[in-house]
Amino acid sequence: MKIGFVVNDIATEKPIYSTTRLAMSAAGRGHDVCLMGLRDFGYEPDGSLSAITATATAGKRYRSLDRYLEDVQAAPRERTELADFDVLMLRADPAAEAGDSAWASTAGLAFGRMVAETGVLVVNDPRSLADAMSKAYFQQFPEVVRPRTLITRDEDRVREFIGELGGRAVLKPLQGSGGSGVFLVDMEREPNIAQIVEAIARDGYVVAQEYLPAAKDGDVRMFLMNGRPLEIDGVYAAFRRRPNEADVRSNMSAGGKAEAVKVTDEMLHLVDAVRPKLLFDGMFLVGLDIAGDKLMEVNVFSPGGLGSCAALYGVDFASAVIEDLERKTGMRQHYGSELANVQLATA
């Protein structure tokens with residue numbers, strides 16, 4: 001199998017990223033693996049698609065994520081025909097493309113759609129990812145699993161809504177991820193809401209969301225594959241992300257700490273509620289962020305934490321992900337173009 005991983009930029013990838021772990025796992029299973037950045041695509045006059053890619057030393061068995069990525073980043077770049085791939089995995093984080101480079105994520109998804117039209121399996125499905133660029137995508141999931149939410153740029157309405165919630169709310173931008181620009185406001189402490197709303201609204205809409213008391217202990221990141229919990233021999237790819245004492249955010253990139261967690265029936269009921277839409281949208285690998293009986297976020301772009309799961313439980317979940325992609329490429333050989341990309345992505 002020839003598999004490509006699309007990242008923001010090869011040079012800025014890190015060994016701890018789940019994408020590095022997935023790529024090394026695929027290489028370890030004998031596959032031809034390439035990495036490419038959002039700025040590396042090309043459309044030729046004859047209609048063919050290509051990308052400038054990098055790959056680690058062929059045939060070398062890696063045990064170290066650091067050494068694997070070091071070899072990839074040091075490798076000479078080559079122009080590769082994208083139609084030659086069996087799978088293209090989109091793992092770029094739109095939040096990393098802020099300001100003047102916001103075009104990169106949009107362009108990456110556009111190329112992803114064109115690659116899918118050549119018969120290459122592209123996951124997660126690029127058309128659905130385009131819809132998910134905004135946090136408004138989250139509002140399309142069942143109301144029962146979501147915190148109460150307001151999306152607006154009207155400061156007065158934000159104040160009114162916080163009052164309706166009892167005086168506490170989380171404010172964050174409609175675009176973005178990774179915990180960037182997230183504020184917990186408490187009316188009793190008279191925060192400068194005007195400044196916060198102004199800062200967030202400078203780049204778009206403001207999301208005001210019900211504060212979930214369970215979030216004080218952090219949230220649970222749970223991986224789903226094909227709409228179901230990623231699980232090996234009864235062990236779930238899930239862990240608690242506990243925030244540090246001075247920060248409301250539990251994101252690992254914002255200083256959160258990973259802890260083992262027991263997956264509850266309550267969590268599994270949330271999975272059941274979101275599964276139909278994830279399957280319909282072709283969302284192959286997803287990270288749910290859960291606090292209590294509610295979802296805080298659905299990460300469909302580049303959910304991280306496979307390394308934390310491996311360290312906590314001693315289970316190689318990355319290999320299970322690659323194994324399922326192998327299964328899907330076998331299905332594509334049987335069905336050909338009868339299965340659309342969005343269908344095969346979660347089949």
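All residue numbers refer to positions in the sequence shown, counting from 1. Basis for what follows: all heavy atoms, side chains included, without hydrogens, waters or symmetry-related copies.
The pair E155-R159 counts as a salt bridge, with a side-chain nitrogen and a carboxylate oxygen less than 4.0 angstrom apart. Salt bridge D71/R67: absent, no basic N to carboxylate O contact under 4.0 Å. Checked for salt-bridge contact, K294 and E210 miss the test: no charged N lies under 4.0 Å from a carboxylate O. Between R39 and E97 there is a salt bridge, with a side-chain nitrogen of the basic residue lying less than 4.0 Å from a carboxylate oxygen of the acidic one. Between R146 and E143 there is no salt bridge, since no side-chain nitrogen of the basic residue lies less than 4.0 Å from a carboxylate oxygen of the acidic one.
Side-chain atoms of T53 come within 3.5 Å of backbone atoms of E78 as a donor-acceptor pair (strictly under, hydrogens ignored). Judged by distance alone, with hydrogens and angles left aside, the side-chain atoms of R332 form a donor-acceptor pair with the main-chain N or O of G119 at under 3.5 Å. Side-chain N or O atoms of D66 include none that pairs as donor or acceptor with a backbone N or O of P15 at under 3.5 Å.
Environment of CZ in R228: sparse, with no more than 12 heavy atoms of neighbouring residues, nucleotides or ligands closer than 6.0 Å. Within 6.0 Å of OH on Y137 lie more than 12 heavy atoms contributed by other residues, nucleotides or ligands. Summarising the local packing, CG of D46 is surrounded by more than 12 heavy atoms from other residues, nucleotides or ligands at distances under 6.0 Å. Sparse packing is recorded around CD of Q195, with 12 or fewer heavy atoms of other residues, nucleotides or ligands lying under 6.0 Å away.
F138 places a side-chain heavy atom less than 4.5 Å from the side chain of P147. The shortest distance between side-chain heavy atoms of C309 and V235 does not fall below 4.5 Å.
Screening residues 272-316 for ring-ring contact (aromatic ring centres under 6.0 Å, His included), with sequence neighbours left out, gives no hits.
Here CD1 of I290 is found 10.5 Å from CZ of R241. Values are rounded to the nearest 0.5 Å. L65 CG to I16 CD1: the interatomic distance, rounded to the nearest 0.5 Å, is 10.5 Å.
L279 belongs to no multi-residue hydrophobic cluster, having no ILVMFWY side-chain contact under 4.5 Å with any other such residue.
Put simply, I52 and L90 are part of two different groups of oily side chains (I, L, V, M, F, W, Y) that touch within less than 4.5 Å, one to the next.
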- CA sep, side-chain torsions, deciding dist, call: I162, V158, side-chain contact (heavy atoms from CB on, under 4.5 Å): CA-CA 6 Å; I162 295 174; V158 171; 3.9 Å; yes
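Ring orientation note: the planes of Y68 and Y62 are nearly perpendicular, at an angle over 60° on the 30°/60° scale.
Nearest heavy-atom pair across L38 and G108 is CD2-CA, 3.9 Å.
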